[in-house]
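Take a look at the structure set out below.
Each ligand, and each atom within it, is numbered from 1 in the order the structure gives.
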Amino acid sequence: MVDVILGLQWGDEGKGKIVDYYARQYDIVARFQGGPNAGHTLYINGEKVVLHTIPSGIYHAHTLNLIGNGVVIDPVILKKEIEALEARGVEVKPRLFISQKAHLILPTHRALDKASEQAKGKERIGSTLRGIGPAYMDKTGRNGLRVGDVQLAHFDKAYQTLKKKHLELLSHYAFEDSIEEEEKAFLEAIEYLRSLQIIRAEYRLQDWYQSGKRILAEGAQGSMLDIDFGTYPYVTSSTTLAAGVCTGLGLSPRQIGEVIGVTKAYCTRVGGGPFPTELLDTTGEQLRQAGHEYGATTGRPRRCGWIDLVALRYTCMLNGVTQVVMTKTDVLDHFHTIQAGIAYRLNNQEISEMPFYLNEQVIPVYQHFLGWKQPVSQVQHYHQLPEELKIYLSFIENYLHVPITGLSNGPERHQLLQRTAEAMAD
Ligand code: GDP
Ligand code: IMO
Ligand code: MG
């Protein structure tokens with residue numbers, strides 16, 4: 001059995017927390033795409049942990065954790081992450097596997113990311129500057145270095161060749177940073193990488209699958225940041241959709257079972273690009289404060305707005321979502337009214353499909369809801385939720401044609417209400 005948990009919006013939906021919660025039911029947790037642009041936050045007994053490359057199952061001692069071939073790995077960040085977890089007493093090395101086919105992020109990839117963003121000026125993507133775009137460009141351009149290469153004799157030469165190519169590219173930009181220090185850390189981290197369990201992951205996953213192990217695939221970023229179907233060009237460089245599970249792990253489409261889509265009760269975005277339901281007023285600021293909406297990777301303030309059901313229905317469709325989990329419902333506790341985007345108005349017409357460009361001429365049409373105006377973070381059973389919140393949830397599931405099976409009402413691991421069949425009938 002392979003189930004998937006992924007984000008349905010523009011990232012930061014709370015995937016880390018949800019994966020950590022569900023991981024108790026799985027034997028293997030596997031990341032299938034993205035890289036250290038991700039920041040997945042877990043709160044375990046009041047302690048905050050942010051994971052960038054390591055799967056969010058790592059805090060469950062019984063799980064094995066796999067970084068799949070679809071991921072791009074910055075060895076420096078990976079090393080720091082492992083060391084930080086081990087310092088907290090989490091056993092990582094014996095439980096972490098890395099696909100030999102995952103690509104490496106070089107210091108010059110980070111430099112290229114920065115140079116490219118600087119050159120774009122106002123049109124910049126707002127990248128996390130982790131070298132993600134350039135690393136995936138080398139992958140598809142067939143120039144990349146993979147984790148398996150670090151075990152082979154040609155590695156040093158191949159690294160020098162690729163670095164030279166990058167330095168030539170960088171010379172076309174007004175870019176003067178030195179990479180010497182970073183290169184030293186990189187080469188040390190490569191040595192460290194050699195001590196980790198680098199495996200032929202597609203075969204091992206099949207072995208695990210055939211022997212009845214339960215596998216959970218963890219997405220990074222969000223569906224609206226997908227390279228093909230997101231708000232291009234303001235997207236990331238990987239397939240963030242469920243389709244990425246197959247290419248990013250080597251599993252077949254027939255092996256995928258449940259696709260659990262995570263959405264916030266409202267919506268955020270970090271970086272550039274369209275966001276029709278964005279609130280640039282005090283309500284948006286209220287959401288940012290109540291939701292502590294600052295990036296887990298870069299610390300940037302996140303743009304905030306109402307939930308966008310047109311976008312959500314689109315991403316449920318693209319992923320074949322079978323269940324929705326809603327996070328951060330507690331953030332809306334103090335709002336008198338809550339709104340949900342249910343259509344777009346474009347050229348005086350109401351549309352319910354995602355247009356080719358989501359530009360500023362696309363105006364959201366809202367449905368209004370009464371707020372519940374009471375704290376829900378201590379609620380322990382779905383049936384105890386305020387009526388107004390139930391109405392909001394029921395409208396959303398009817399709109400999406402997908403059941404909301406889980407509701408997160410706080411950042412802590414235990415703050416999640418699972419909806420029973422009985423509550424579904426409610
Ligand atoms: P991810 O990238 O999808 O894993 O999400 P992030 O970790 O970047 O951002 C989600 C933030 O919301 C983190 O700070 C979480 O601790 C927090 N969070 C997750 N679920 C809830 C929730 O239900 N309520 C509240 N208040 N915070 C939550
Ligand atoms: P998690 O997994 C939110 C955004 C960046 C930028 C665009 C491209 O924590 O949800 P990139 O560095 O990938 O080239 O940046 O994508 N972005 C994210 N936004 N959450 C993320 O990851 C993101 N990863 C990338 O802000 O707009
Ligand atoms: Mg995040």
Side-chain angles (χ1 to χ4, degrees), residues 5-21 31 33-44 46-53 55-56 71-72 74 105 109-110 112-114 116-117 124-137 218-227 230-238 240 261-266 268-275 287 289-303 325-333 375-377 379 406-417:
I5 293 183
L6 47 71
L8 296 176
Q9 300 171 305
W10 279 281
D12 301 330
E13 297 89 349
K15 300 173 291 293
K17 174 195 157 155
I18 304 304
V19 169
D20 172 60
Y21 180 90
R31 274 276 305 270
Q33 46 70 235
N37 46 350
H40 294 180
T41 314
L42 323 184
Y43 269 91
I44 297 162
E47 200 180 319
K48 178 179 171 179
V49 185
V50 181
L51 300 171
H52 300 286
T53 323
S56 303
V71 176
V72 285
D74 182 329
I105 301 177
H109 282 135
R110 282 205 300 270
L112 281 165
D113 202 358
K114 194 169 162 192
S116 155
E117 283 285 81
R124 67 180 181 276
I125 310 290
S127 132
T128 57
L129 304 179
R130 295 299 185 272
I132 305 296
Y136 278 116
M137 278 164 74
E218 171 181 4
Q221 289 76 58
S223 305
M224 291 302 287
L225 288 170
D226 178 72
I227 183 71
T231 43
Y232 194 88
Y234 296 96
V235 292
T236 190
S237 300
S238 65
T240 60
V262 186
T263 175
K264 281 179 186 167
Y266 50 99
T268 64
R269 168 162 211 172
V270 59
F275 180 3
L287 280 172
Q289 294 312 326
H292 305 291
E293 295 295 355
Y294 296 89
T297 296
T298 58
R300 290 178 291 177
R302 294 176 183 148
R303 299 156 62 191
V325 172
M326 183 180 278
T327 58
K328 305 195 92 160
T329 39
D330 53 303
V331 172
L332 298 182
D333 280 352
V376 295
S377 54
V379 174
L407 195 86
S408 173
N409 56 343
E412 275 283 344
R413 181 188 264 177
H414 69 269
Q415 288 176 300
L416 196 135
L417 313 178

N or O pair under 3.5 Å between [X] and ligand 2:
X	result
G39	yes
T236	yes
E13	no
S237	no
G272	no
T128	yes

Salt bridge flag under 4.0 Å for residues R130 and D74: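 The answer is no: the pair does not qualify as a salt bridge.
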Structural part of K15 in contact with ligand 2, heavy atom criterion under 4.0 angstrom: side chain
Option from E218, K15, R31, K17 for which side-chain hydrogen bond (donor to acceptor under 3.5 Å, both in side chains) with S56 holds: E218
Flag for T268-D12: side-chain donor and acceptor within less than 3.5 Å: no
Short side-chain to backbone donor-acceptor contact, R303 and G271, under 3.5 Å: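 Pair found, side chain donor or acceptor close to backbone of G271.
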Quick one: look at [X] and ligand 1, take heavy-atom pairs under 4.0 Å, and tell me if it's side chain, backbone, both or neither.
X	answer
D12	both
K17	side chain
N409	backbone
E412	neither

Y294 atom OH, over 12 foreign heavy atoms within 6.0 Å: yes
Neighbour count >12 (heavy atoms, 6.0 Å) for atom CZ, R124: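 Not more than 12 within 6.0 Å, no.
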Non-hydrogen atom of H52 closer than 4.0 Å to ligand 1: no
Contacts of the Mg ion (ligand 3) with protein N/O/S atoms, counting only those under 2.8 Å: D12 OD1, G39 O
Option nearest atom 2 (O) of ligand 1 (shortest heavy-atom distance, choices G34, G39, G16, G410): G39
Residue, atom name and distance, where the atom is the protein heavy atom closest to [atom]:
atom	value
atom 12 (O) of ligand 1	K328 NZ, 3.0 Å
atom 20 (N) of ligand 2	D12 OD1, 3.1 Å
atom 7 (O) of ligand 1	T41 OG1, 2.5 Å
atom 4 (C) of ligand 2	L225 CD1, 3.9 Å
atom 6 (C) of ligand 2	G126 O, 3.2 Å

Ligand 2 contacted by R130 (non-hydrogen, < 4.0 Å): no
